[in-house]
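Only a predicted model underlies this, so the values are computations on that prediction, with no experimental measurement involved.
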Amino acid sequence: MINLDQISLMRGPHLLLKDVSLTLHRGERTGVVGRNGCGKTSLFRALGKEIPLDHGEIRAPADLRWSTMSQETPGSGRSALDFVIDAHSEYRELEAALARAEQLEHNDTMANLHSGLEAIHGYDIQNRAEQLLSGLGFSMTEFDTSVSNFSGGWRVRLNLAAALMCPADLLMLDEPTNHLDLEATVWLEQWLKKYQGTLLLISHDRTFLDSIIDHVIHFENVGLDTYKGNYSAFEKQRALKMALQQALYEKQQRRREQIEDFVRRFRVKASKARQAQSRLKELDRMQDIAPAHVDSPFRFQFPVLGHLPAFLMQLGKLCIGFDYPLVKSIDLSIRSETRIGLLGFNGSGKSTLLKVLAGQLEQLDGTIIKAKKLRVGYFAQHQVDELSPDATPVELLRNASGKRGNVAANTDQTIRDFLGGFDFRGSRVDETIANFSGGEKARLALAKVAWLKPNLLLLDEPTNHLDLEMCHALTVALQEYQGAMIVVSHDRHLLANTVDEFHSIHEGVFSEFKGTLHDYERWLASTSRSNKSASKHASPVSSTNVAKKTQRQQAAAKRERLAPLRKKEKHLEAELEQIHAELNSIEQQLTDESIYSESEKANLTELLQQQGQLKSAITQKEEQWFKLQQELGEH
């Protein structure tokens with residue numbers, strides 16, 4: 001158990017927690033929730049002894065092992081694989097000690113160190129590190145790439161892999177899905193479900209939280225309230241508590257009516273029975289959870305649009321990419337009512353497609369026909385980073401209005417009122433953006449997009465760096481948005497509640513995905529990112545059926561191409577079987593008590609060395625087999 005005893009915590013002049021007592025029980029999986037700036041990350045840092053408490057005490061077992069995600073990764077010449085393995089400090093210490101003992105030929109020490117490596121499963125540590133990297137979206141060719149060569153988002157993934165590699169009784173993850181795509185998010189979700197220790201999780205992704213946690217700690221009024229159940233259960237419990245206050249109850253009822261109106265409108269236009277059924281189920285859930293958010297500081301809408309062209313954009317045989325095509329022959333009509341969720345593995349071309357549609361990147365081939373009154377609103381992470389640090393929020397929107405030629409229609413008071421819906425109030429609207437946090441900058445970038453009255457929204461991971469309240473407000477605003485939109489997001493709740501159809505990019509092919517998000521998750525579960533021999537030949541539900549004759553011809557040609565690789569595969573499997581047999585023989589000898597007598601010490605040392613060598617050989621052969629599967633998958 002970990003006990004928080006009357007703790008108080010401050011950040012500068014701001015009081016975050018006051019006289020809080022709380023017990024974290026072994027094995028609990030707890031979501032830590034609250035608005036941006038309430039102190040969630042500071043609590044993690046206090047638990048990790050990175051910052052001192054202002055009052056009180058945190059008591060934990062003396063031998064508690066804990067792991068947390070580093071928020072920064074300085075440049076390093078270490079390879080990605082070594083960086084992740086380095087997180088297992090006990091392994092690195094034993095590895096270094098074994099190297100010294102081998103050099104000095106200290107047999108007794110070597111025997112003990114081999115036993116130590118066996119105890120921590122050190123012989124398969126490289127394989128575990130590779131699985132982590134593969135699951136988080138790294139290709140095998142990137143395992144040996146130095147950390148310095150990765151961008152900031154990919155370094156965040158390396159930090160996450162390192163946190164998962166480190167043996168821990170307490171695992172603290174702060175927004176682990178930031179910079180992950182949907183596929184990596186689903187993989188991480190499955191990994192955390194198998195984790196046996198105590199978990200503390202900060203996330204803005206409610207679907208992710210619902211799937212993993214069984215308790216909630218909620219920051220409220222410089223205190224911590226605890227709830228049993230997942231995030232949806234917490235919302236219902238909090239809504240009931242809030243409903244005891246008459247004013248909040250009345251707000252809840254008004255919000256229910258708004259959701260019901262949206263459901264009615266969706267029923268009228270729903271054209272795809274399977275997706276409509278799934279969507280209506282999600283919207284029914286929205287009605288249940290809406291009351292828990294009536295006290296949110298975020299209340300904004302996309303401005304009402306005037307005339308909305310029936311057709312906004314027509315794509316014909318569009319080819320996109322950089323030095324080589326990523327996706328070919330994209331045909332799509334974007335109408336005023338189009339609401340698309342774009343699915344696909346990392347690097348498949350989703351963000352590239354949005355950049356091309358936004359006019360920030362030239363297509364390689366094909367045509368894009370745009371309506372004369374098209375107004376594109378494009379949001380992507382790099383735009384957050386490009387906000388002028390010397391400007392204020394008011395200046396940002398005023399300058400954006402000037403570029404659209406409608407300065408006179410927007411007074412400073414109109415701008416201030418609009419910014420209030422994004423929780424920029426009072427003196428905050430006159431502060432320079434340089435002083436804002438990542439979450440505040442993301443909110444401001446979204447405010448700028450909404451302010452310009454787009455009739456086509458292109459959103460690339462819009463929930464990164466937002467807290468749960470802002471994610472909920474964005475979901476509601478997108479529900480009420482009148483124009484067309486295409487969304488790339490790992491936030492399944494946002495997708496399920498805002499888009500009407502899904503399209504996928506898979507193996508360079510753009511096509512409609514006719515199933516639901518649950519269907520897509522099931523497809524992902526049957527397709528391993530680390531085993532392309534499956535993913536290359538498995539297809540999403542939406543893939544176009546190939547004629548049976550063509551399939552037979554392709555299968556015959558494929559068998560001929562793969563024959564040499566299949567032969568090599570059988571040879572490797574035979575070698576692995578032989579090594580396993582030798583290892584079993586040695587381990588059988590090690591079960592004989594007489595081998596541990598003083599007279600057999602040299603023999604014992606030799607057996608332990610052979611055991612370690614065979615385990616290392618198994619790891620190497622399995623790696624060769626794995627790479628062969630990759631090669632098979634590429635055919």
Side-chain angles (χ1 to χ4, degrees), residues 2 22-34 40-41 43-44 47 65-69 131-132 135-137 156-157 159-219 224-238 282 285 288-289 292 461 463-469 471-472 475 489-497 517-518 520-522 524-525 529:
I2 301 171
L22 185 70
T23 299
L24 298 173
H25 295 278
R26 183 188 299 272
E28 286 183 348
R29 311 163 73 81
T30 303
V32 182
V33 303
K40 301 186 294 294
T41 300
L43 175 62
F44 275 24
L47 287 167
R65 301 175 303 170
W66 56 270
S67 177
T68 189
M69 278 180 67
Q131 288 178 352
L132 288 172
L136 293 174
V156 171
R157 297 194 189 206
N159 287 339
L160 175 56
L164 301 182
M165 172 57 75
C166 180
D169 307 304
L170 171 64
L171 178 59
M172 295 182 286
L173 298 181
D174 188 348
E175 293 291 2
T177 61
N178 274 357
H179 302 287
L180 297 188
D181 54 18
L182 177 57
E183 291 69 34
T185 299
V186 171
W187 178 88
L188 176 61
E189 184 178 292
Q190 298 306 313
W191 194 97
L192 290 175
K193 284 180 179 180
K194 298 174 184 175
Y195 173 67
Q196 297 298 310
T198 304
L199 176 66
L200 289 179
L201 178 61
I202 299 171
S203 177
H204 65 261
D205 186 333
R206 54 172 303 119
T207 305
F208 185 70
L209 285 172
D210 268 348
S211 178
I212 295 168
I213 64 173
D214 50 33
H215 287 76
V216 168
I217 293 174
H218 180 232
F219 277 73
L224 296 177
D225 294 333
T226 59
Y227 298 81
K228 286 187 177 180
N230 62 14
Y231 185 76
S232 292
F234 149 73
E235 287 180 307
K236 292 175 183 177
Q237 293 173 61
R238 184 166 183 261
E282 289 288 341
R285 194 155 69 103
D288 292 336
I289 68 175
E461 294 292 358
T463 61
N464 275 358
H465 302 296
L466 302 183
D467 63 17
L468 279 158
E469 290 289 359
C471 287
H472 179 81
T475 302
S489 179
H490 67 267
D491 190 324
R492 286 158 286 177
H493 179 75
L494 179 95
L495 288 174
N497 281 285
L517 273 176
H518 293 299
Y520 189 71
E521 284 184 45
R522 280 194 289 270
L524 286 175
R529 286 295 302 269

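- A 4.5 Å side-chain heavy-atom check between Trp187 and Gln131 finds every atom pair outside the cut-off.
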Between Leu188 and Leu164, is a side chain to side chain contact (heavy atoms under 4.5 Å, CB included) present by the stated rule, with each step listed?
CA-CA 10 Å; Leu188 176 61; Leu164 301 182; 3.8 Å; yes
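- Between Gly137 and Arg157, the closest heavy-atom pair is CA-NH1, 3.9 Å.
- With sequence neighbours excluded, the residues satisfying side chain to side chain contact (heavy atoms under 4.5 Å, CB included) with Thr68 are Glu50, Trp66, Met172.
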Given Met69 and Val156, is the side chain to side chain contact (heavy atoms under 4.5 Å, CB included) satisfied, shown in steps?
CA-CA 8 Å; Met69 278 180 67; Val156 171; 4.1 Å; yes
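- Rounded to the nearest 0.5 Å, atoms CG (Leu468) and CD (Glu235) are 8.0 Å apart.
- Separation of atoms CG (Asp169) and CG (Leu199) is listed at 13.0 Å; rounding is to 0.5 Å.
- The distance from atom CD of Gln190 to atom OG of Ser211, rounded to the nearest 0.5 Å, is 6.5 Å.
- Scanning for side chain to side chain donor-acceptor pair (under 3.5 Å) contacts around Thr23 gives Asn3, with sequence neighbours left out.
- Side-chain contact between Ile217 and Lys40: absent, with no pair of heavy atoms (C-beta onward) separated by less than 4.5 Å.
- Legend: ring pair (Phe, Tyr, Trp, His ring centres under 6.0 Å) pairs involving residues 192-213, not counting sequence neighbours, sorted by first then second residue: His204-His490.
- Under the 4.5 Å side-chain criterion, counting only non-hydrogen atoms from C-beta, Val33 is in contact with Val216.
- One finds the CG atom of Leu24 at 10.0 Å from the NE2 atom of His215 (value rounded to the nearest 0.5 Å).
- In this structure, the side chains of Leu180 and Leu160 come closer than 4.5 Å at one or more pairs of heavy atoms.
- Scanning for salt bridge (charged side-chain N to carboxylate O under 4.0 Å, His left out) contacts around Asp174 gives an empty result, with sequence neighbours left out.
- Summarising the geometry of Asp491 relative to Cys471, their closest heavy-atom pair is OD2-SG, 4.4 Å, with the distance given to 0.1 Å.
- Partners of Lys194 according to the side chain to side chain donor-acceptor pair (under 3.5 Å) rule, which considers only residues two or more places apart in sequence or in another chain, do not exist here.
- With sequence neighbours excluded, the residues that form a ring pair (Phe, Tyr, Trp, His ring centres under 6.0 Å) with Tyr227 are Phe234.
- With values rounded to the nearest 0.5 angstrom, Leu136 atom CG is found 9.5 Å from Asp181 atom CG.
- Leu201 is listed as a side-chain neighbour of Pro176, based on a closest heavy-atom distance under 4.5 Å.
- Applying the side chain to side chain donor-acceptor pair (under 3.5 Å) rule to Ser489 yields no partners; only residues at least two apart in sequence or on another chain are considered.
- Within the 4.5 Å cutoff, the side chain of Leu192 has heavy atoms near those of the Leu173 side chain.
- Between Arg238 and Glu469, the shortest heavy-atom distance links the atoms NH1-OE2, 4.4 Å.
- Residues meeting the salt bridge (charged side-chain N to carboxylate O under 4.0 Å, His left out) test with Glu28, sequence neighbours left out: none.
- Taking Val186 as the reference, Leu182, Arg492, Glu521, Leu524 meet the side chain to side chain contact (heavy atoms under 4.5 Å, CB included) condition, with sequence neighbours excluded.
- With sequence neighbours left out, the side chain to side chain contact (heavy atoms under 4.5 Å, CB included) criterion links Asn230 to Asp210, Ile213, Ser232, Ala233.
- Not a single salt bridge (charged side-chain N to carboxylate O under 4.0 Å, His left out) links Arg26 to another residue, sequence neighbours left out.
- Nearest heavy-atom pair across Ala163 and Leu171 is O-CD1, 3.9 Å.
- Between Thr177 and Ser203, some side-chain heavy-atom pair lies under the 4.5 Å cut-off.
- Here CD of Glu189 is found 8.0 Å from OG1 of Thr207. Values are rounded to the nearest 0.5 Å.
- Under the side chain to side chain donor-acceptor pair (under 3.5 Å) criterion, His218 pairs with Glu220, sequence neighbours left out.
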